[in-house]
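Just so you know, these numbers come straight off a predicted model, no measurement behind them. Read the numbers this way: they start at 1 and go in the same order the structure lists the ligands and their atoms.
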Amino acid sequence: MKDIIIAGNWKMNTAPVEAVKLFNEIESYFVENSYKSIPFVQNGKLKFVACPPFVYLQTLQMLVNQSKSLLSLGAQNCHFESKGAFTGEVSPTMLKDLGIKYTIIGHSERRTFFAETNETISKKIKSALESDLIPIFCIGETLEERQTGKTNDILKNQIEIGLSQILDVATDLKSKIVIAYEPVWAIGTGLAATTEQVRDTHTFIKNEVKRILNLDLPILYGGSLNENNANELLRLENVNGGLIGGASLKADSFCKIIEIANSILKN
Ligand code: PGA
């Protein structure tokens with residue numbers, strides 16, 4: 001049985017009350033459907049993550065603790081230093097101290113709008129791991145890169161540089177990394193990658209990661225993943241879950257995707 005992680009990326013969305021409401025609705029879904037008693041949830045084969053904006057992490061982590069929720073929280077980014085004169089930034093140690101488990105690193109919106117490079121991303125991955133956070137390391141090609149046949153070269157470069165700082169890190173630490181393949185052209189467009197594209201690209205990524213780290217890391221798919229295409233995409237052999245933007249902002253849609261993941265593992 002493979003592992004599946006269903007992760008929501010809330011991006012810069014939700015008002016404070018909406019964030020709490022969304023959490024409560026997801027939590028109610030888990031309780032009403034007795035998720036805690038599902039064997040593959042108990043043994044961590046099926047995991048759930050939500051990545052709200054930084055400002056809500058502390059409140060939501062308190063709610064997670066109070067309800068002993070199955071939902072883990074992740075940040076959407078972090079800095080690579082643990083403290084210092086970096087106005088506006090948040091360090092991995094701060095996140096860890098709040099009880100946060102994951103952090104997205106290198107999302108395409110960070111690369112595009114905040115000039116993140118493969119080099120800074122590689123430092124962040126190392127620093128997150130050293131702070132005992134699980135990095136969700138995002139990679140993906142633009143439409144132009146796909147159309148000109150450069151997808152694999154771009155991904156190879158992102159993977160090679162992104163993982164370059166952690167080659168000497170202990171295996172039990174680096175085995176915690178989660179990769180998210182998010183074709184830039186599929187993010188927020190309603191146009192997910194096709195089954196064939198996801199199958200081929202995930203296989204390529206799997207092999208590249210294995211070549212560099214000698215590890216089989218989980219690979220999530222992201223980019224217009226929703227309740228209508230989740231069944232087809234999450235079933236694929238090298239797909240270990242999804243990083244979900246738009247559809248994670250509606251509890252109904254997010255919980256539908258969770259239900260689909262549950263039924264894939266059950267059968
Ligand atoms: P989307 O976003 O599901 O809205 O396409 C995914 C992401 O950016 O992580």
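Residue contact check for ligand 1: Ala247 places no non-hydrogen atom closer than 4.0 Å to it.
Lys2 places a side-chain N or O within 3.5 Å of a backbone atom of Val239 that can act as its donor or acceptor partner. Between the side chain of Tyr221 and the backbone N or O of Asn240 there is no donor-acceptor pair closer than 3.5 Å. Panel note: side chain Thr120, backbone Glu116; no donor-acceptor pair is recorded below 3.5 Å. Under the 3.5 Å distance criterion, the side-chain polar atoms of His202 are matched with a main-chain donor or acceptor of Asn238.
Both the backbone and the side chain of Ile187 come within contact range of ligand 1, each with a heavy atom under 4.0 Å. Contact annotation for Cys138 and ligand 1: no heavy atom of the residue comes within less than 4.0 Å of the ligand.
Per-residue contacts place Ala186 under 4.0 angstrom from the following atoms of ligand 1 (heavy atoms of the residue considered): 5 (O). Residue contact check: Gly223 has heavy atoms under 4.0 Å from atoms 5 (O) of ligand 1. Residue-ligand proximity, Leu243 to ligand 1, at heavy-atom distances under 4.0 Å covers atoms 6 (C), 9 (O). Of all atoms in ligand 1, listed by their number and element, those nearer than 4.0 Å to a heavy atom of His107 are 7 (C), 8 (O), 9 (O).
No single ILVMFWY cluster, assembled from side-chain heavy atoms under 4.5 Å apart, contains both Leu234 and Ile187.
A cation-pi arrangement is present between Lys123 and Phe80, with the terminal nitrogen or guanidinium carbon under 6.0 Å from the aromatic centre and inside a 45° cone about the axis.
Shortest contact from atom 7 (C) of ligand 1 to any protein heavy atom: Glu182 OE2, 3.1 Å.
With ring centers used as reference points, Tyr35 lies under 6.0 Å from Tyr29.
Between Lys11 and ligand 1, a contact under 3.5 Å exists for at least one N or O pair.
In this structure, of Gly245, Gly188, Gly246, the residue bringing a heavy atom nearest to atom 5 (O) of ligand 1 is Gly188.
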